[in-house]
Structure formats: structure tokens, C-alpha cells
Amino acid sequence: MTREEILKKRTDFIFPCVIHFYTEPLVADRAQGHHLWDIEGRRYLDFFGGILTVGVGHCHPKVTSRIKAQVERLQHSSTVYPTEAMVALAEKLAEITPGRIQKSFFTNSGTEANEKAILVARMATGHYDVMALRHAYSGHSQLAKSVTAMSSWRKAGVISVGISHALNPYCYRCPLKLTYPGCGVACAEDVESAIQTTTSGAIAAFIAEPIQGAGGFITPPKEYFKLVFTIIKKYGGLFISDEVQTGFARTGKKWFGIEHWEVEPDIITCAKAMANGSPVGATLATPEVADSYKGLTISTFGGNPVTAVAARATIEVIEEEKLLDNVERVGRYFRQKLEALQAKYPLIGDVRGLGLMQGLELVKDPKTKEPAPLETNQFMDRCRANGLLIGKGGLWNNVIRLSPPMNIGEAQVDDAVERMDKSLSEMTA
Ligand code: PMP
């Protein structure tokens with residue numbers, strides 16, 4: 001099919017709510033390693049990785065060969081017949097997750113992983129109310145849309161009761177108009193105030209992304225989650241770390257983002273990069289939480305042997321290619337380069353993130369911090385024309401999201417930053 005035929009069929013046969021980047025959508029055709037080609041044969045350096053999913057590079061040979069072998073051996077059995085692939089993955093996850101997390105419930109997406117996490121937290125605690133954070137993104141189901149706290153993603157949803165949202169630890173736009181560290185991380189206290197005023201006074205869980213993804217890579221100060229942990233335990237809640245974007249080495253040095261805040265969650269949810277692009281998700285919990293699940297449950301494709309071997313192979317690649325270290329080292333180098341860009345272009349109001357999860361908040365004026373969504377689109381378009389794919393997000397659609405495959409080196413960073421620099425100078429010209 002030609003590009004035009006694909007776009008016409010997309011209009012005719014796909015729900016219009018499914019979003020695409022760019023005024024002129026890019027039709028993806030094939031990809032290898034750090035590059036993706038469009039249907040017209042143009043090659044792009046991929047610094048978004050299918051929304052932080054292609055962690056070890058497109059079509060990594062080890063992941064691909066494991067998938068091929070498994071497809072030829074056993075493609076599906078459902079969970080009524082356990083497989084070696086499923087239990088071996090669960091064992092590996094227990095090894096790499098922090099604290100006492102040990103048991104897995106496999107799903108096909110991050111949305112389902114979050115649904116299951118909230119459900120099991122309600123069962124384990126006997127409480128109903130859930131605390132989340134403003135600017136969160138949690139998925140596309142009714143419950144996940146209710147946890148999500150950005151109006152554009154909630155509009156279409158019928159919002160569930162029992163979810164409250166506390167102020168966001170968004171230092172660049174502090175909701176309390178304070179400045180870190182003099183603020184004493186006062187925003188954390190709002191979690192307690194929100195529990196006292198908007199819930200029954202006891203909570204099932206607090207759910208948060210260590211670094212908010214779709215919200216625009218908002219990165220809380222280092223004290224934040226420890227303070228919140230103490231509060232939520234006081235009100236009987238479990239700590240759910242939504243690691244759909246931050247999991248599997250993305251933030252460097254640690255397997256999961258929350259480890260940077262030295263908090264041991266009761267539940268971790270993950271998806272995206274877990275299997276480098278195969279549809280997968282998981283709710284991971286401590287034995288007491290997992291064992292508290294009441295009634296039966298089934299997910300036909302959860303723990304599917306093909307995605308399970310893809311996930312295990314992905315984890316092995318992260319280990320073999322020493323990506324925890326690579327992300328830390330290359331991430332630091334990338335950050336320096338981005339800060340140098342910020343010094344050159346006032347459009348870049350803030351640089352934030354960890355490891356190879358770096359965001360640029362674009363503003364019309366660094367003093368007023370007025371969001372610059374049009375310029376963000378222009379920047380995306382210019383980068384595309386210059387052969388670089390990047391992502392965007394944020395409540396005002398003004399945050400550039402950078403999340404390349406984790407096995408890039410300094411050379412790919414230099415290449416990407418040169419293309420960004422060229423794009424910015426073309427915009428200002
Ligand atoms: N949680 C977070 C933090 C996410 O970023 C996403 C997806 N962008 C989800 C949950 C939902 O995952 P999925 O799209 O796989 O359902």
C-alpha cells in the first residue's frame with residue numbers, strides 16, 4: 001500500500017480518537033537498531049522508541065530469535081496450562097524487582113496492569129479510596145482514565161468514583177509557588193490533606209509514576225516519595241509504583257525508577273519496554289498482597305509464552321549489554337548536551353529527567369514560563385525533516401520527550417543533539 005492508501009484506510013477504519021504525531025502523519029514501515037524507516041524509505045534516528053518501549057533497539061537479534069523459536073514451539077496455551085516461559089519470567093522479575101516484591105500477574109498492557117494493581121490493593125486492604133497525582137497518566141480503561149489527571153485524556157471517559165488527586169511535585173511550576181529546597185517539599189503534605197478531605201479517611205493505595213511520562217517527564221525531588229510513603233502507610237494504603245515508562249533500566253543504574261527515591265513499593269506495574277515491543281504488562285506484588293486476591297481470575301493472553309520469552313530475552317540483553325551502567329553514563333552525557341542547548345535557546349525552559357528519559361519543557365519566555373505548544377509541534381516537524389524522531393507530552397503539549405534505545409552511545413547522542421540544534425536554529429532564523 002502507498003502512504004496515501006494507508007492514511008485513507010486509517011481514516012475509514014480506525015477510531016479517530018487514536019492519536020498520531022505530526023500534521024502529516026509518519027507511516028512507519030520498518031526499523032533496525034536505533035533507526036526507523038518510513039513507508040517512503042526515509043531513515044530516522046529514533047529517540048522516542050515507540051513511546052519508551054524499544055529499550056534495547058528495534059528488532060534486537062536476541063529478542064527476535066527467541067520469539068521465532070517460541071512461535072514454532074508453542075504459541076499459546078492460556079494460563080490454564082502453565083508454561084516454563086511464564087514461570088521463568090516471573091522468577092526473573094522477582095530477582096530484579098526491589099524489596100519483597102515476588103509474585104507476578106501477567107497482562108497485555110499497562111492499563112490492565114494498573115487495573116489489577118488497584119483491584120488487588122482494594123482486596124488486600126479492605127479500603128476503596130485511591131490517591132493519585134495531578135498530571136498522571138495511567139491508561140485507557142475507565143478506571144485508568146480516572147487515575148489519569150490531565151483533562152485532554154479524561155474527556156471521553158466516564159470517570160469512576162473513589163480516586164483523588166494530590167498536588168504534583170512539579171518543581172518547575174510549583175503548585176504552591178515555592179522553590180526547592182527551601183520549600184521543604186511541602187507538596188508532599190498535600191497527600192495527607194487530600195486523604196483527610198477527599199477520601200473516607202483510609203486508602204487502598206497511592207499510585208504514582210516515579211517520573212510522570214505523558215505528564216511531561218515531571219521528576220519529583222529526591223525526598224518526595226519517602227515523605228509520601230510515610231503518609232500513605234499512616235492511612236493504611238499500599239504504594240503502587242507505575243513503572244510502565246520508568247521500568248527496565250530506563251532511568252539508569254537501577255532496574256526500576258522508584259529505586260532512585262529509596263522507597264520499597266508494595267506493587268509495581270510495568271509494560272512497554274518489558275518485552276521491547278511485544279504486547280505485555282505485569283502487576284508485581286509482595287506475596288501477602290498477591291495472596292490476598294479473592295476469587296478466581298484469568299487473562300487469556302497474560303503470560304503468553306511468546307511474549308514471556310521476549311520479555312526474558314529483553315532482560316537478558318539489558319544484563320549482557322550492561323545497560324544499567326550505559327544508561328547512567330550516556331544519560332549523564334546527554335543531559336549535559338541538553339543543558340548546553342538550553343543555554344543557547346530560551347525556548348527551552350526546563351531540562352529534567354533521569355538516565356535516558358530526558359524532557360525539555362518549551363516556553364515562549366523563560367520568565368513568564370508561558371507554555372509553547374505550537375513551537376513544540378514546529379520543533380517536532382523540524383526534527384523529523386532533519387531525520388530525528390522525538391516525542392512530546394505534558395498538560396499543555398509543550399514538553400519534548402527524549403527516550404532513545406538504551407544501548408546508544410555518545411555518538412548517537414551527538415548526532416541527535418546536532419539535529420535538534422539545527423532544527424532550533426532553523427526555527428529562530
Ligand atoms: N501507565 C503509564 C505511566 C503509561 O505511560 C501508560 C501508557 N502510555 C500506561 C500506564 C498504559 O499503558 P498501555 O498503553 O500499555 O495500556
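Every number for a ligand or one of its atoms is a count from 1 in the order of the listing.
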What residue and atom, counting heavy atoms only, is the protein's closest point to [atom], and at what distance?
atom: atom 13 (P) of ligand 1; value: G110 N, 3.5 Å
atom: atom 10 (C) of ligand 1; value: S138 O, 3.3 Å
atom: atom 5 (O) of ligand 1; value: Q245 NE2, 2.7 Å
atom: atom 7 (C) of ligand 1; value: K272 NZ, 3.2 Å

>> Quick test of your reading of the structure: of T111, T53, N108, I51, whose heavy atom lies closest to atom 11 (C) of ligand 1?
In response: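 Comparing heavy atoms across T111, T53, N108, I51, the nearest one to atom 11 (C) of ligand 1 lies in T111.
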> What atoms in ligand 1 come closer than 4.0 Å to a heavy atom of E209?
Replying inline: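 Near E209, the atoms of ligand 1 are 3 (C).
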>> I'd like to know if the side chain of R122 reaches the main chain of Y128, judged simply by a donor and an acceptor atom lying under 3.5 Å from each other, with no hydrogens or angles considered.
In response: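 Checking the backbone N and O of Y128 against the side chain of R122, a donor-acceptor pair under 3.5 Å is found.
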[X] and [Y] ion-paired at < 4.0 Å:
X: E319; Y: K92; answer: yes
X: R335; Y: E339; answer: yes
X: D12; Y: K8; answer: yes
X: R100; Y: E264; answer: no

> Do W153 and Y137 have ring centroids that are under 6.0 Å from one another?
Replying inline: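 Here the rings of W153 and Y137 have centres that are less than 6.0 Å from each other.
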With a heavy-atom distance limit of 4.0 Å, tell me whether [X] approaches ligand 1 through its side chain, its backbone, both, or neither.
X: T269; result: neither
X: Q212; result: neither
X: A144; result: neither

> With sequence neighbours excluded, what pairs up with F105 under the ring pair (Phe, Tyr, Trp, His ring centres under 6.0 Å) test?
Replying inline: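 With sequence neighbours excluded, F105 shows a ring pair (Phe, Tyr, Trp, His ring centres under 6.0 Å) to no residue whatsoever.
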>> Let's go through N168 and Q212 carefully: what are the C-alpha distance in whole Å and the side-chain angles of both, what is the deciding distance for side-chain hydrogen bond (donor to acceptor under 3.5 Å, both in side chains) to 0.1 Å, and is it a yes or a no?
In response: CA-CA 10 Å; N168 201 19; Q212 286 179 327; 3.0 Å; yes
> Any non-hydrogen atom of G281 lying under 4.0 Å from ligand 1?
Replying inline: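 It does not, in that no heavy atom of G281 comes within the 4.0 Å cut-off of ligand 1.
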> Would you call G213 a ligand 1 contact, heavy-atom distance under 4.0 Å?
Replying inline: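 G213: no contact with ligand 1 (<4.0 Å).
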>> Pairs of nitrogen or oxygen atoms closer than 3.5 Å, one from D242 and one from ligand 1: do any exist?
In response: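 There is such a contact, yes.
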